[in-house]
Every structure is written in structure tokens, then in C-alpha cells.
Amino acid sequence: MLNAQVEPYERLRENLSQRDRSLREKVMTLEEAASFVQDGMKVGIGGSTMSRTPMAMIWELVRQRRKNLSCSRAITSTDGDILFGSGVSDHIITSWFAQGILWGLSKVMRRHVEQGLARYEEWSHMAVGMRFRAGGMGVPFLPIRSMLGSGVMDQRPEAKPIDCPFTGEKLLLVPALNPDVALIHVQRCDAYGNAQIDGLQFMDIDLALAANRVILTTERIVSNDQIRRAPDQTKIPFFCVDAVVEVPYGSAPHECFGLYEPMLKHMEAYVGQVNSDPVEGMRDYLERYFYAPKSWNEYLSLIGMEEVLEASQRGRSIYND
Amino acid sequence: MLNAQVEPYERLRENLSQRDRSLREKVMTLEEAASFVQDGMKVGIGGSTMSRTPMAMIWELVRQRRKNLSCSRAITSTDGDILFGSGVSDHIITSWFAQGILWGLSKVMRRHVEQGLARYEEWSHMAVGMRFRAGGMGVPFLPIRSMLGSGVMDQRPEAKPIDCPFTGEKLLLVPALNPDVALIHVQRCDAYGNAQIDGLQFMDIDLALAANRVILTTERIVSNDQIRRAPDQTKIPFFCVDAVVEVPYGSAPHECFGLYEPMLKHMEAYVGQVNSDPVEGMRDYLERYFYAPKSWNEYLSLIGMEEVLEASQRGRSIYND
Amino acid sequence: MTDTPRYTASEILAILSSRQLKDGQVVFAGVGTPLLAATLAQRLRCPGLTILFEGGVVGAFVEPGKLPPSTNDQRCTKRANMVLGSADVLLLLQRGYVDIGFMGGAQIDQFGNLNSSFIGDPAAPKTRLPGTGGGNDISSLTNMIVAMKHEKRRFVEHVDFITSPGFIRGGTSRAESGLPAGGMFRVITELAVFGFDAETRRMKVLALNPGVSRENVQDNTGFDLVFDEQIAITAPPTEHELETLRMLDPERLFTA
Amino acid sequence: MTDTPRYTASEILAILSSRQLKDGQVVFAGVGTPLLAATLAQRLRCPGLTILFEGGVVGAFVEPGKLPPSTNDQRCTKRANMVLGSADVLLLLQRGYVDIGFMGGAQIDQFGNLNSSFIGDPAAPKTRLPGTGGGNDISSLTNMIVAMKHEKRRFVEHVDFITSPGFIRGGTSRAESGLPAGGMFRVITELAVFGFDAETRRMKVLALNPGVSRENVQDNTGFDLVFDEQIAITAPPTEHELETLRMLDPERLFTA
């Protein structure tokens, strides 16, 4: 029963052989891309904490009122609040879940978990990474040397402690995680989905390889010629990708390396509102920023031109001497 | 006994804690760097086939008449001939060993292996990679799904077939390989050893992390400021590195991505000579190109200005539209 | 057929191999004929064919006259979409992203097992061959096309050593060995095109090359061949195929 | 001591923590006080200190006034030597390249075990805390320095839940759990500097902060403290330390 969570290899291969991996254009809208995410699916989320969060895609899933998604992410920030608070997800697999170190505990996460409305499944950060990596490698597990002896391991019967058949040492085998869909935001990709990531890549490469479908949102769609001029910088090959959506500022109010830093005034106002009342505060926030706007650009204009420009100025400064 | 080849974790950690990993300049000569390689050691060799071979370091080890080295490399080309033919090595762990597909079988390899003078330990290419990767990750093994059912597996009792504890599937566990020393050639690094690799990286990153010592040879030593301007391009961090040697054309007559292609006239003459007489032909080649020259630059001048320049012209053309 | 252009055995091998590929496929190609045939397919009919190389390359477009001497040379990266580690490009096969593996072969048997390691007893070999390279991984993890010279000593009942597994001992033995995915799909020689029986997993002749008889093929094969019920005759290389091939390999590195 | 400059509890925490680091070390730093203290050490005494961040950064030099809000933000990469994957930077710990892990703590016990997951019964917690992040990995795989506020409810006999292992149940229990390397090295608070007994692995006071008595420390601690035979008194923060610290964090994000 516990083992049922590791996809048998034949099913993984069968899924992949059914998928159209040919070189083809796959540019579409957020609305169209959302059709890859069905209620109850396992959804892997790229980026980490407040960085390269695929916020536009999450925003669309909230608007389309998906539910019962089982989400996984390196580290979960306000994206996790939104997923729980909107009812889109009732299960998050991650290593850390709060709004950000600056703001202490998330009252939204606490309410959902402490009241049993949703599950926060905790793994060590490296274990989350190795679960995606095993999934991307097409193997059912990888061995690690952390979590041993801790309460974190005790809570995770899904992992198997073993004595190493080579050395006799204690090791923990963590099971592969192959999400049904991955949502990943990148700086640029071509119409086929060859994606280039600048700066911190987090666990996105392993996640893209592990998932059975990948939705890429991107700040820019560039030509395939431009990709081919810097193949070192390509981090995700097109045949892992099923949808490409161009969404400038697609991580707002989080950051995207080299382009914009987090929009902290908006974040602070958000945190103040939802932590003072995790039910009404969240309902009001979602209504105002997620359900009401007619488009992503309208959402951005609610965050405000000044804040967006100021975040961009800080974002670009990483390349300044 | 077989398991003895996997380093116990405590010994690995002890070795690393004894190593000076501090930020310090470590520029030295080929002669000085060779002192890290002692007779009988396990030596990992970077690059693959005719690409980014650390030829200058191999040249130095031949001149210093090291012996009984157990060498490992992704794919072995004329470097393997030289290692066997000079007596430096009597054991090579690799997936493919010939001079190059253009020239058929290596008579030097054949003579040594068929006459029992040296051992060619064959693993699949992915298995070699996973052995270095396990070593670099600090785990005793990694699971793979190849080699099963083949003669290659039958020849390798060092690997362990298992039934997966999660899925019941057959898997092969390949043991970690942690060389005593790795020899790696790169396009550029700083005096601390922060190394940037352009183009194909082969298995060099895993190898650098796995080895207990790393000797870097480099086409150029650049400033640490230059490294910090493009941290995405740094592939090996300085604390893995014990020696930095600046050796322009340090892979000759093999290639170095973006700088020079293989010097095929020299290679063809070499192959003709050693395959027509693997004993005398090799002896003569080593005498002329390895023992006689007073310096690496003199070795290059024996290959010849015209060939070096022509290889450079072809090498740089990879960046032409 | 006086209008049929003249071609070498290597040329018909490359051309017939290229015809096995379909546009849109992801193909893992070995050096030599496979690389040449995949590049030929890209130029002729399959602009959306994606070629992967063992050196760590996704989506290469090799330049005419600049065929790489191995799949680990920089020439393999020309106009590539992505470069990555050698182990990582092989892991793409393990995960299942690759449609076809495409290799040459030194020795093959009736179940499509390939030997490139030993002639004679592995403990005291008559000849130590170069070994597997990525061949074992590729043939373990995906569907295979093999292009090779047709000689009796190369087409044997049982290989001396299984370097790259085909269907092992036939029937379900491949899956039982731990290889549930992939397997031999086609073998192309200068004499014929072969497939494998769905049940016994024995090699069978699907089509004869132009001007080749059943007897020609059997005489050059070291085991009893099965012939498909309906044997096709392959269309000869066209002028366009030959011209394009010769443009790609003007120095005849792989088509002599 | 009227000449002693005035400082906050957070400031002495950062300054005393920074004094624990040595030039040339490779330090894996968490966000907040650890990041600030490691950056302070770099500026004051340890120009060759290499800072690693969980987001995937080797050798960062954080800019004054631009402290990152998490270790996954782009600011962590400023003037870095290398960026790499989040799992890969943690694997450097597993391999053994890191000298010191440096974290904050929510709750600690006498054996240096840290809890940042649950207050109360994990099955029905009073408070669900944020969780481990990289904390479990770091404390499992290297030697640890922990900087935290000294409160009775934070210094407990046994943590409610071991998120990041210290010496588990003391003695040899850490190694027996499968963690042969690393372990708690120092705990720094605004009251004192702690080490761990080599045999029992119980926390012990090594030095008192200026103006702090043994009773102060014991009164704020939820278990019986062991005091080292020779208790030192830590030198107070210098003007230079405080100025540099305030230059690094002018908005007092982490030193309020």
C-alpha cells in the first residue's frame, strides 16, 4: 500500500511513450495550459520559497477552481498559503512551509494543518530533491544519509531505512516522486519548450524530467536560433515540455532571477491581512487579486506599476558590478 | 573482499576533513602536481575519448615513471594506450577502449589485455557515470536499469543485482568509485581552482566531487573576479581542487572545446606506428614525444606549429554561425 | 535497372537506415553509420528529428563535411539545443524520453544480442574488442535499430558475449532479466532489412535489398533465417538520397 | 564598563556567532542570524570564509544593506563563485566538503536536538512550525553551530520532535542512528556560549556573555545545565564589530 506511491517502471514508460515528444510548437494561454491539471493530480511546483514561483499558473488554477491537488515543492512560501486557502490543494509535500523567514509562522498553513483540513507532508530538503531526482532518473529510489535518527524520518514510513549491501552502513532509501504535472517558470524558452534558466535552478531540472507533463511559463519566448547559440544555458529539453505560456512577471509578487526581486510591500500587506484573519483575510485577498482581475496583466496592475518597476530595478541590479 | 572496493563513509569523511579545503592559491607546475599521484593509486581521468583529455598531466606521469595506477575514465582513447604502453597503468576501468572509431581496434590495448599484462575492466557508460556520481554524492551505490541480463554484468561481481524494496523490480546497484586523485583539464579556472567548463562536461563534475584529490590543468588561469562574473558557468568549486596548473594546449593531440579540435594528422601517424608494432612502435613514440622533450611546449613543437594552428582554427569555428 | 545509381555497401546501409526514422522522433545515435544516417534523415524527410549523442548533446545538426570522429567531439554540439553530462543524456533513455537507439554492430545473434567485447572466451579472448560504450545502456533501455555489415562471422547463432542485450534467449527472457522496456526493432545490412518475431523474438527477414536473393542472405548468415510471409523488395537508393549522403560525407569517412 | 557600547540581544548573538568561525572554513549558513554572522566574519576577520546557501550558492559575498530575505533569493548569489542545484549544494555536505553548518533554532534540548516542526503531539499539534528546510540535512551531515534566543521554553530537556538531530539520546546514539559524521559543536545565545560533553554529549556552558551570571543562564533553561570547569567570560562586542554589523543590516531586518 505504501509502495503504491512509487510508479511502477512499466507504467512510467507507458505514460511517456504515449506523450507527444516530437519537436512541435506548443505555445498556448494560461487557460489552455490549465487543462493539463485535473482535480486530484500530483502537481510538482518549480522554484523555491519566493523565487521563480510559477505564480501565474497557480493563479489560473485557483481561478479555474481545481481541487484536491497533491502539491510538492522544494520550499513553500505564500504559494502554499494560496493553494491551501483557495481549496486547490489539500496536501503539500515540502521541507519548509511558511510565508518567509521575515514574517514568522503562516497562520494559513497552521489553520489548515492544525485543524486537519489539509496535510503538510514534511521531508528534509535534500530528500525532496532526491525524490525528484530518482523520478527524473527513472529509478524507484535514491539512497541518502540524512533524516536518519530524526522525527522527520519517523513520520515518513514511505521511506525505507536499510543496511547497505556493500558497506553495512545505515542508509535511507527515499522513493521516487513523479508528479502528474510540473509547473515551472523560466526566464526564456523557445516555442518548442527548450528552456534556459539563469541563476539559481533549485530542483527544477529534476522536477521537469520526473513529471509526466510539464507546463512552462516564461518571461519571454525566444527563437530556437537564440537557444542554439547558448546550448550550455539550456536546462530543460523541449521533449519534457507539453505547454509553453509567455507570461511576463509570471512569478509576481515573488522574484525571477535577473529580472525582478520580490514585491515586498505587496507581500507584507498580504501577510498582515491573512495572518490577522486566515479565513476572511484570505477570502478577501483571493477575491481581489485572483478572482476579480480579467487578466494576469490586470493582476499586475493591482500590485501596482511603482512596485513592479521598483522590483525590476532591484532584480536587474544583480548583474551590476 | 569485493565490498572492500567501496570506501567506508567514515574513511571518506576522514580523508576529506584532513584535506586543506580553504580558499588558497594552489598554482604549481606539472612536476609539482604529479606528487599527488603515487604508485598504485586509483586515478580518475576527465574528459572522454579525444576530448578534454588531461594529456599534459598524463605526459608528466609517464615522464616520472609512475606505475601500477588503476585508472578510470568515461571512454578511453589513445590516452589509454599511453597509460598501458608506458607501464604507468595496468588496470583501466572504462566503457570503451580503442584509439577512435576511425581506426578500429587498438593493438596496444589488445596486446596488453590478451596477454594478461593489464586489465580492462568494462562497465556500461552509464554505470561508469553512476559510479562517479555515487562517489561524488557520498553514498555507497546508485541503482541503474542497464547491464542487467548481459555479459557485461556477469563479468562484474562488484555490482549487486537486487529486487527493489519498493516495486519488486530488478535493479543493479553499482558501487561508488572514489578515485584517490582525479586529473581534469578545463578551459579556465582561477588560482583557487574554481573551474569553468565550456561545452561538453562529460563526467567531470561527478569525478571532481568523488575524488580525494583533484589536479586541474587549465588552458588559462583567470582572476577570481572573472569567475564571479559568470557563476553559472563554474562547474567545479575550488574546495574540490588541490592543484592548478596552467598548460595551454594541455589536451593535445586531443581536443579542447571551443579552442582546438583533435590534431588528426598526428593521431593518424601515431595509430599507424603503434598498430603496426605495438611494442617497438609505442617505445619509439614515447621516447620521441614523452621522454625526450624538455618541456610541454617542446612536445607541442614536435606536433608542429601548422597542425596546432589548424586544430585551433577548427576548434574556434564551433562558435561561428 | 540501368537507371539505378551506383552505390557502395556503406552507402545503401546509411540510406536504408535513414529510411527507418520518422519525423518527430527522438533518436540516440552512435558514431559512424548511425550518426550519418540520422543526419541524412534530418536533411531529407525529418526536419523535426532530434538527435542525441552520448557525449551529452540534445538536438544536434551536424554540418556537412564536418562529421565528428566520435560522439564525444565538439562537432556533435553544432547548433545543438542543449549540452549536458554524459551520464545525464543516458539517463534520458532510462526515464523513457528516447524513441529509438541507433547503433552499429560488430557481431549479432538470432535474438538480436550484440557483441562488441570479446571474440572467443572472455577469460582468454582471441580478440579483445573495444567494449560497450553506451551500447549496453542504449539497447537495455529503448527500441533499437542496428546498422551493420552482413558477414557470416558477424551473424551468428549465439554471440560469444552479450555486450548489448537484444532479446537475450528469446521469448520473455528480456523482460525477465529486468529489461521490461525496449528491445531490437530493426537490423539493416547491405543485404536486407530484419525485424524480430513478436513471440519467439527470433530475427526474421522483412525485406530484401534490391538485387539480393533469399539465398544470398542465408548464405551470409550463421544461423537459419526466418523469412516473413510477405517479403518486400526495398526500393533502391535515389539520386537525391545519394547526393545528400555524399554532400554530408564528402571525404567518405563513413561511406567508403 | 561604561565604555562598552550598547547592543541588542540580536546583535550580540550575531557577533558572538561570527567569532566562532575561522578563516578558510567552508560554512553552510541558514538565513537570518547565521547569514548575517557569516557575512560579518567575512568582513572582519575571515576574508577567505566560503559561505554556502541552500538555494544553491558557493562562495557568496552578500552586499551591505542587501541581506536576502531567504537563502533562496537572488541576492544570495551576489559575487558568488558558483551557482548549482539546491539538492547538489546539500550533497556537498553529504560528501564532506563543509566544515560548519550554521543555523538558527526554535527549540533545542540537552543533547542539541532541534525542533522546528511541532509544538505538542505531532499527531495533533498545538502549533505546526515551518519544518526542517535543509536543517535536518545540515545537522545530520556536518558540525553545527546554532544561534538562538535564550528562553526557558526554547531550552527544554527533550524536544517535542527531533527535526534536526543533535546527539539524539546522547552517548553514541547519534552514530548508531546512522549519522557517524558531524554533530553539535556550539550553541550561541544572548546569555552564553555552549559546547557538548565529549562523552555524555550533554550541553554544557563554556562561557558566559558579559554581565550574565550562571543563575541567569540556568533560570532561563528548562533542564539542569552542566558548567565547564573553567567558565570563561566572553569579551563584549567591540565598536568595530557593532559598526560593521550595523553597516551590513542598516534596516535591522535581523538585528532589531
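What you see below is based on every heavy atom in this structure, not just the backbone, and it leaves out hydrogens, waters and symmetry mates. Within every chain, numbering begins at 1; the chains are lettered A, B, ... in the order of the sequence lines, protein sequences first and strands thereafter.
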Closest approach of B:Leu200 to C:Gly55 (non-hydrogen atoms, all atoms of both residues): CD2-O, 3.5 Å
B:Ile75 portion near chain C, given a 4.5 angstrom heavy-atom threshold: side chain
Proximity breakdown for B:Met109 and chain C, heavy-atom pairs closer than 4.5 Å: side chain
Contact winner vs chain B - C:Gly178, C:Gly131, C:Pro130, heavy-atom pairs under 4.5 Å: C:Pro130
Atom of B:Gly149, atom of C:Ile168 and distance for their closest heavy-atom approach: O-CD1, 3.4 Å
Largest heavy-atom contact set with chain C, pairs under 4.5 Å, which of B:Val128, B:Ile205, B:Leu172, B:Leu105: B:Leu105
Results of side chain to side chain contact (heavy atoms under 4.5 Å, CB included) for C:Pro250 - residues two or more places apart only: none
With sequence neighbours excluded, residues passing side chain to side chain contact (heavy atoms under 4.5 Å, CB included) with B:Ala195: B:Val186, B:Cys189, B:Leu216, B:Ile236
Across chain C and chain B, what donor-acceptor pairs are shorter than 3.5 angstrom?
residue: C:Asn72; atom: O; partner: B:Ser51; partner atom: OG; Å: 2.6
residue: C:Asn72; atom: OD1; partner: B:Ser48; partner atom: OG; Å: 3.2
residue: C:Asn72; atom: ND2; partner: B:Thr49; partner atom: OG1; Å: 3.1
residue: C:Gln74; atom: N; partner: B:Glu255; partner atom: OE2; Å: 2.6
residue: C:Gln74; atom: OE1; partner: B:Gly258; partner atom: N; Å: 2.7
residue: C:Gln74; atom: NE2; partner: B:Glu261; partner atom: OE2; Å: 3.4
residue: C:Gln74; atom: NE2; partner: B:Gly315; partner atom: O; Å: 3.0
residue: C:Arg75; atom: NE; partner: B:Glu261; partner atom: OE1; Å: 2.9
residue: C:Arg75; atom: NE; partner: B:Glu261; partner atom: OE2; Å: 3.0
residue: C:Arg75; atom: NH2; partner: B:Glu261; partner atom: OE1; Å: 2.9
residue: C:Lys78; atom: NZ; partner: B:Ser317; partner atom: O; Å: 3.2
residue: C:Lys78; atom: NZ; partner: B:Ile318; partner atom: O; Å: 3.4
residue: C:Lys78; atom: NZ; partner: B:Asn320; partner atom: O; Å: 2.7
residue: C:Ser86; atom: N; partner: B:Phe202; partner atom: O; Å: 3.3
residue: C:Asp88; atom: OD1; partner: B:Arg133; partner atom: NH1; Å: 3.0
residue: C:Asp88; atom: OD1; partner: B:Arg133; partner atom: NH2; Å: 3.2
residue: C:Asp88; atom: OD2; partner: B:Arg133; partner atom: NH2; Å: 3.0
residue: C:Gln94; atom: OE1; partner: B:Arg145; partner atom: N; Å: 3.0
residue: C:Ser117; atom: OG; partner: B:Glu122; partner atom: OE1; Å: 3.1
residue: C:Ser117; atom: OG; partner: B:Glu122; partner atom: OE2; Å: 2.9
residue: C:Lys126; atom: O; partner: B:Arg110; partner atom: NH2; Å: 3.4
residue: C:Arg128; atom: N; partner: B:Glu114; partner atom: OE2; Å: 2.7
residue: C:Arg128; atom: NH1; partner: B:Glu122; partner atom: OE1; Å: 2.9
residue: C:Arg128; atom: NH2; partner: B:Glu122; partner atom: OE1; Å: 2.9
residue: C:Pro130; atom: O; partner: B:Phe97; partner atom: N; Å: 2.9
residue: C:Pro130; atom: O; partner: B:Tyr120; partner atom: OH; Å: 2.7
residue: C:Thr132; atom: N; partner: B:Ser95; partner atom: O; Å: 3.1
residue: C:Thr132; atom: N; partner: B:Glu122; partner atom: OE2; Å: 2.9
residue: C:Gly133; atom: N; partner: B:Ser95; partner atom: O; Å: 2.6
residue: C:Gly133; atom: O; partner: B:His125; partner atom: N; Å: 3.1
residue: C:Asn136; atom: OD1; partner: B:Met147; partner atom: N; Å: 2.8
residue: C:Asn136; atom: ND2; partner: B:Ser150; partner atom: OG; Å: 3.2
residue: C:Asp137; atom: OD1; partner: B:Ser124; partner atom: OG; Å: 2.6
residue: C:Asp137; atom: OD1; partner: B:Ser146; partner atom: OG; Å: 2.6
residue: C:Asp137; atom: OD2; partner: B:Ser124; partner atom: OG; Å: 3.3
residue: C:Asp137; atom: OD2; partner: B:His125; partner atom: N; Å: 3.2
residue: C:Asp137; atom: OD2; partner: B:Met126; partner atom: N; Å: 2.8
residue: C:Ile162; atom: O; partner: B:Gly151; partner atom: N; Å: 2.7

Criterion side chain to side chain contact (heavy atoms under 4.5 Å, CB included) on B:Met126 and C:Leu93, from CA distance to verdict: CA-CA 10 Å; B:Met126 189 167 78; C:Leu93 287 153; over 6 Å; no
When B:Phe202, B:Phe97, B:Phe132 are compared by non-hydrogen pairs under 4.5 Å with chain C, the top option: B:Phe202
Under 4.5 Å from any heavy atom of chain C - which part of B:Pro262: side chain
Residue part contacting chain B, namely of C:Leu141, when any heavy atom lies under 4.5 Å: side chain
Residue, of B:Met153, B:Met203, B:Met147, that accumulates the most heavy atom pairs under 4.5 Å with chain C: B:Met147
Heavy-atom contact with chain C under 4.5 Å, split by part of B:Leu171: neither
Partner set under side-chain hydrogen bond (donor to acceptor under 3.5 Å, both in side chains) for C:Thr8, not counting sequence neighbours: none
Engaged part of B:Val113 at the chain C interface, taking heavy atoms whose separation is under 4.5 Å: side chain
Residue part contacting chain B, namely of C:Leu91, when any heavy atom lies under 4.5 Å: both
